[in-house]
Amino acid sequence: MRYSRALIPTVKEDPSDASNVSHVLLTRGGYIRRVGAGMYDFLPLGLRVLRKIEAVVREEMDRAGALEILMPALLPAEYFKETGRWDRFGDTLLRLKDRKGGEYLLGPTHEEIVTDIARREIRSHRDLPKNLYQIQSKFRDEPRPRGGLLRCREFLMKDAYSFDANEEGAKQSYELMRKAYCRIFDRMGLTYRMVAADSGAMGGSTSAEFQVLADSGEDAIVACKACSYAANVEVATVAAPSSAVVGVQDKRGEEVHTPGHGSIEDVTKFLGVTPRAMLKSLLYVAETNVVMAVVRGDHEVNEIRLARELGVSEVFLASEADVRRSTGAAVGFAGPVGFKGRIVIDRAAAAVKGAVTGANKTDYHVVGVEHGRDFDAQVVDIRLAMTGDACPQCGAVGGLVSYKGIEAGHIFILGTHYADAMGATYLDEAQKKKSLVMGCYGIGVSRLVATTIEQHNDENGIRWPMSIAPYHLHLVTLGKDAPLIEAAEDIYDALWARGVEVLWDDRDERPGVKFKDADLIGVPLRVTIGAKGLAAGHIELKPRAESDPKKAEFIPLADAVERIAAAVSAGKG
RNA sequence: CGGGGAGUAGCACAGCCUGGUAGUGCGCCAGCUUUGGGAGCUGGAUGUCGUCGGUUCGAAUCCGGCCUCCCCGACCA
């Protein structure tokens, strides 16, 4: 593609509405434009990247034996009513009506539709296993779209659904997908972790998230340095504390005046104790009851684990009014000693001797408190795992490390939930009717465009991995003399003939403009042809990853095509 | 849904407090000069000031309703 004929509207200034790197660079590099909240145009460059990612995903899905189909994005409501998700999905579902008042939705995911295919077309155990997938636009009325392509209301997703005769078969299908997913993310050059995750409300028995590590990620995960353990903090467990933390020993249950010091940070400074020696008491509303959750001062409550321990589906942090009502004190002064109500305490907090905690009296704390001696509470595992914690799997002390991740893929074994709800059955060898056992496997294709940039960028722009770059090579010509243009045309044609996708900046622009745009766009290899070099019989090759412009490699004109083609195929991996 | 912020030229923003008919930079167009890391000079084009209503002789500016967008939180296969 000749730049002069392309549509690559690069922008010098950061767009005002972009808050993360990928959104800024995709906009500045002329890849995407915002149409509305959570809706984007893919301009030519953006679409090329999207198609490259699709191609990688498609190749690996096909390699794993999955069969590509295409289901509609516009769906009749009846299918979602059949499984109850018409109601359960709530406001996230984009609903619409046709001229006759019939109810429809834009598909947020396609379990119902694919299960309908299965119940109509799969009848015998001989038809199994099957794995059907599609790459299709999905629609979700997100409460808050954000991050450019990272969280959209319309986005492109690859969703696959496996059908097996039994749980054992489903596990094999799941394992195939797990391997395919690893291949996909490896090929894209991403640094990621496969983590244990919350199976969600859909009743999945086995599931894993593929989290691409990036500081801008919305998900928190922990992984062990010493073994394979990795989990979303929502489900991560922590090895029980091996030794007690000792705080203030010479006092027992003494009240101290701590005027205006309600936060852990304030109190530790004011009293000269460490956060580890404090008990942080948080009040939660579980259904209609107020429950106190106590964790160590340097720990955070894992609300998902807390809800499970309490046997409810979710918990909410109590309002200021609820806190005052149940403790008789302002927020910041709650404590387990003398608290009237249910108390649960994290194992680590229960092991603190001589702790400092709130006195349930505004502006007062108690010093020298101990679980079991000064108050009673149910001991549970309710804290968020964090860097430095012991690994729950191998026990390595300080083995866990926290990361931020972007969820790029999620694989589940669903069991017979949908098959049961929709009557998707098959006949086994004994002619017995049985429910199909399903799995589902998603990859956020459009999200991956942004996710990759979150991991591959520098101060000058994007640095695409070769496998999904919009072009393999960015050819920059400096000058417009006939011999130079002819040399460029020869190389350009020869490279395309060799399968190298070349973007040729043939614009009548100053060198600085061309170099800046090249860095911003982020094509992995750059070749510069200048008058001086050409006179000396060479061109210049520089990888985008090399930030020092002086490190460019000079290549004799005669070897150029061969060398570049080799560099491209090497980069393709 | 709670809290905060913003809608003025293609983009980024100033002007608003203290009402008098719109400006800067980038980009765009033309010319001259320039040409290895976002050039210089000269000239030029471009605005329903988000929208509806109110106050006023007069509204980008003051007041009210609505819409949209962004950020933090909540939410989230």
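Model, not experiment: these values are computed from the prediction. Numbered from 1 within each chain, the chains take letters A, B, ... in sequence-line order.
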Is there a donor N/O on one and an acceptor N/O on the other, under 3.5 Å, for the side chain of [X] and the base of [N]?
{"X": "A/Arg28", "N": "B/G38", "value": "yes"}
{"X": "A/Glu13", "N": "B/G25", "value": "yes"}
{"X": "A/Glu540", "N": "B/G36", "value": "yes"}

Is the shortest distance from a Lys or Arg side-chain nitrogen in [X] or [Y] to a carboxylate oxygen in the other one below 4.0 Å?
{"X": "A/Glu60", "Y": "A/Arg183", "answer": "yes"}
{"X": "A/Arg308", "Y": "A/Glu303", "answer": "no"}
{"X": "A/Lys138", "Y": "A/Asp159", "answer": "yes"}
{"X": "A/Lys280", "Y": "A/Glu300", "answer": "yes"}

Both distances below 3.5 Å, Watson-Crick or wobble geometry, any strand: find the nucleotide opposite [N].
{"N": "B/U18", "value": "none"}
{"N": "B/G23", "value": "B/C13"}
{"N": "B/C41", "value": "B/G31"}
{"N": "B/G2", "value": "B/C72"}
{"N": "B/A59", "value": "none"}
{"N": "B/G64", "value": "B/C52"}

Taking the minimum atom-to-atom distance to the side chain of [X], which one of [options] wins?
{"X": "A/Ala37", "options": "B/G37, B/G36, B/C70", "answer": "B/C70"}
{"X": "A/Phe515", "options": "B/G37, B/C69, B/A39", "answer": "B/G37"}
{"X": "A/Arg510", "options": "B/G25, B/U34, B/G38", "answer": "B/U34"}
{"X": "A/Val513", "options": "B/A39, B/A74, B/C26", "answer": "B/A39"}
{"X": "A/Arg146", "options": "B/A74, B/C70, B/G38", "answer": "B/A74"}
{"X": "A/Pro143", "options": "B/A74, B/G37, B/C11", "answer": "B/A74"}
{"X": "A/Lys12", "options": "B/G36, B/C26, B/C70", "answer": "B/C26"}
{"X": "A/Ser16", "options": "B/C13, B/G36, B/U34", "answer": "B/C13"}

Separation of the [atom1] atoms in [N] and [M], to the nearest angstrom:
{"N": "B/G10", "M": "B/G50", "atom1": "P", "value": "13 Å"}
{"N": "B/G65", "M": "B/C26", "atom1": "C1'", "value": "37 Å"}
{"N": "B/U61", "M": "B/G20", "atom1": "C1'", "value": "11 Å"}
{"N": "B/G3", "M": "B/C13", "atom1": "C1'", "value": "26 Å"}
{"N": "B/C49", "M": "B/C28", "atom1": "P", "value": "26 Å"}
{"N": "B/G15", "M": "B/A9", "atom1": "P", "value": "15 Å"}
{"N": "B/A60", "M": "B/C1", "atom1": "C1'", "value": "32 Å"}
{"N": "B/U46", "M": "B/G25", "atom1": "C1'", "value": "16 Å"}

### Short side-chain N/O contact from A/Lys514 to OP1 or OP2 of B/G36, under 4.0 Å
no
Could you check how far [atom1] of [X] sits from [atom2] of [N], rounded to whole Å?
{"X": "A/Asp508", "N": "B/C28", "atom1": "CG", "atom2": "P", "answer": "12 Å"}
{"X": "A/Asp141", "N": "B/C1", "atom1": "CG", "atom2": "P", "answer": "11 Å"}
{"X": "A/Leu43", "N": "B/C11", "atom1": "CG", "atom2": "P", "answer": "14 Å"}
{"X": "A/Glu407", "N": "B/C76", "atom1": "CD", "atom2": "P", "answer": "13 Å"}
{"X": "A/Arg507", "N": "B/A39", "atom1": "CZ", "atom2": "C1'", "answer": "15 Å"}
{"X": "A/His23", "N": "B/C11", "atom1": "NE2", "atom2": "C1'", "answer": "14 Å"}
{"X": "A/Leu7", "N": "B/C28", "atom1": "CG", "atom2": "P", "answer": "14 Å"}
{"X": "A/Leu93", "N": "B/C76", "atom1": "CG", "atom2": "P", "answer": "15 Å"}

Is [X] touching bases, backbone alone, or none of the nucleic acid, heavy atoms closer than 4.0 Å?
{"X": "A/Arg140", "answer": "sugar-phosphate"}
{"X": "A/Met39", "answer": "nothing"}
{"X": "A/Asp519", "answer": "base"}
{"X": "A/Arg526", "answer": "base"}
{"X": "A/Ser19", "answer": "sugar-phosphate"}
{"X": "A/Arg151", "answer": "base"}
{"X": "A/Gly442", "answer": "nothing"}
{"X": "A/Glu303", "answer": "nothing"}

### Task
May I ask you to check if A/Arg447 and A/Phe155 form a cation-pi contact, with NZ or CZ under 6.0 angstrom from the six-membered ring centre and within 45° of the axis?
no
### Message
Under 6.0 Å between ring centres: does that hold for A/Tyr284 and A/Phe316?
### Response
no
### Task
For this output row, return yes or no: ring centroids of A/Tyr40 and A/His23 closer than 6.0 angstrom.
yes
### Message
Run A/Glu175 and A/Arg178 through salt bridge (Lys or Arg N to Asp or Glu O under 4.0 Å) and show every step you take.
### Response
CA-CA 5 Å; A/Glu175 187 56 21; A/Arg178 189 186 68 74; 2.8 Å; yes
#### Entry: Steps toward side chain to side chain contact (heavy atoms under 4.5 Å, CB included) verdict (A/Leu156, A/Leu50)
CA-CA 9 Å; A/Leu156 196 66; A/Leu50 194 69; 3.9 Å; yes
### Query
Closest nucleotide of RNA chain B for A/Gly147 versus for A/Asp14: which of these residues is on the 5' side?
A/Asp14
